[in-house]
Amino acid sequence: AQSVTQLDSHVSVSEGTPVLLRCNYSSSYSPSLFWYVQHPNKGLQLLLKYTSAATLVKGINGFEAEFKKSETSFHLTKPSAHMSDAAEYFCVVPSGYSSASKIIFGSGTRLSIRP
Amino acid sequence: DTAVSQTPKYLVTQMGNDKSIKCEQNLGHDTMYWYKQDSKKFLKIMFSYNNKELIINETVPNRFSPKSPDKAHLNLHINSLELGDSAVYFCASSRPGGATGELFFGEGSRLTVL
């Protein structure tokens, strides 16, 4: 069965420093993987997606993630944090590839940015 | 021209009441979802419709009844509200042929049951 584990419930960094949000996945086949962002009192927005093309995926707002099959990881990074990056981040994997497949969300990582 | 819109954004009601949340998408998508987000931000799928047909029905009390009058609309009706129903409810949609897992979310409807 597909699953994702977000290793940190809360990450705090200073503005201008790098961001690393960690996600490990479990899958019986090479999955699609996604990162979503949720700003306070807002809906979720797709940040980036991996669908078995290039392993390094670039997303919006300067974020990127690297699919590492050997480590079963899909960590989200950004070279320099901005105050507007403060939000909740979700790593996501679908349980399959049909319209009836469930989309499985990780437990979320809250990113705080210190001035 | 909001892509996925939900109404109302906030709902405060008493236990035992019945309430509805409406969702509309103008993206031309054919699959729509209801998710529940609890106070710890955990997201749980409740229902999914594809072209007005129910395709995912998670273990949700039958007090919750979704209805899809057409593929652009998915409403959620909740009977006999309980304290534990307090949460943020998100509607989402996905496009035909899109990557499974690529969802477009509304801004959420925060339900508070007193």
Side-chain angles (χ1 to χ4, degrees), chain A residues 2-6 8-10 21 23 25 27 29-53 57 59-60 65 67 74 86-112, chain B residues 2-7 9-10 21 23 25 27 29-60 68 71 88-110 112:
Chain A
Q2 316 293 84
S3 68
V4 287
T5 301
Q6 292 185 242
D8 308 293
S9 59
H10 182 212
L21 305 183
C23 174
Y25 71 89
S27 175
Y29 52 87
S30 187
S32 297
L33 290 159
F34 303 78
W35 277 98
Y36 283 80
V37 60
Q38 182 181 21
H39 287 97
N41 298 313
K42 295 289 186 185
L44 285 81
Q45 180 186 18
L46 180 67
L47 258 185
L48 50 79
K49 62 183 176 185
Y50 166 75
T51 54
S52 75
V57 181
I60 61 172
F67 175 75
F74 189 57
E88 192 86 19
Y89 292 79
F90 295 93
C91 184
V92 170
V93 66
S95 63
Y97 294 98
S98 75
S99 58
S101 299
K102 295 173 194 172
I103 312 303
I104 299 164
F105 284 77
S107 53
T109 298
R110 181 165 59 96
L111 176 63
S112 301
Chain B
T2 308
V4 181
S5 58
Q6 299 178 225
T7 52
K9 196 170 169 72
Y10 299 98
I21 308 172
C23 179
Q25 54 93 4
L27 297 166
H29 293 174
D30 60 357
T31 305
M32 295 184 72
Y33 310 78
W34 277 113
Y35 280 85
K36 179 180 180 180
Q37 186 175 49
D38 63 21
S39 58
K40 295 188 173 161
K41 303 289 188 187
F42 181 70
L43 274 151
K44 180 179 156 64
I45 180 75
M46 299 175 71
F47 303 102
S48 171
Y49 273 74
N50 179 259
N51 279 322
K52 304 193 297 174
E53 182 184 341
L54 180 66
I55 54 170
I56 295 175
N57 185 354
E58 279 297 276
T59 311
V60 174
S68 182
K71 71 176 191 176
V88 182
Y89 293 84
F90 285 100
C91 178
S93 68
S94 61
R95 57 188 175 91
T100 307
E102 185 170 356
L103 302 175
F104 295 76
F105 282 84
E107 296 224 325
S109 297
R110 182 177 295 275
T112 304

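A note on names: the letters A, B, ... follow the listed sequences, proteins ahead of strands, and every chain is numbered from 1.
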Notebook entry, point to check: Which heavy-atom pair separates A:Glu88 from A:Gly108 by the least distance, and what is that distance?
Noted result: OE2-C, 3.6 Å
Check: Can you say whether A:Gln45 sits under 4.5 Å from chain B via the side chain, the backbone, both, or neither, judging by heavy atoms?
Finding: neither
Item checked: Check: A:Phe67 and A:Pro31 side chains under 4.5 Å, non-hydrogen atoms -> yes
Next item on the list: Please name the pair of heavy atoms, one in B:Ser93 and one in B:Val4, separated by the smallest distance, quoted to 0.1 Å.
Entry: OG-CG2, 3.8 Å
Checklist line | Closest-packed option against chain A by number of heavy-atom pairs under 4.5 Å, given B:Glu107, B:Glu58, B:Arg110 | finding: B:Glu107
Next item on the list: Below 4.5 Å from any heavy atom of chain A, which atoms of B:Lys44 appear? Answer side chain, backbone, both or neither.
Entry: neither
Notebook entry, point to check: Which bit of B:Tyr35 comes within less than 4.5 Å of chain A, counting heavy atoms only: side chain, backbone, both or neither?
Noted result: side chain
Checklist line | Shortest non-hydrogen contact from A:Asp8 toward A:Thr109 | finding: O-OG1, 2.6 Å
Next item on the list: Can you see which heavy atom on A:Val37 is nearest to which on A:Ala87, and at what distance?
Entry: CG2-CB, 3.6 Å
Check: Under a 4.5 Å heavy-atom cut-off, does chain A meet the side chain of B:Gln6, its backbone, both or neither?
Finding: neither
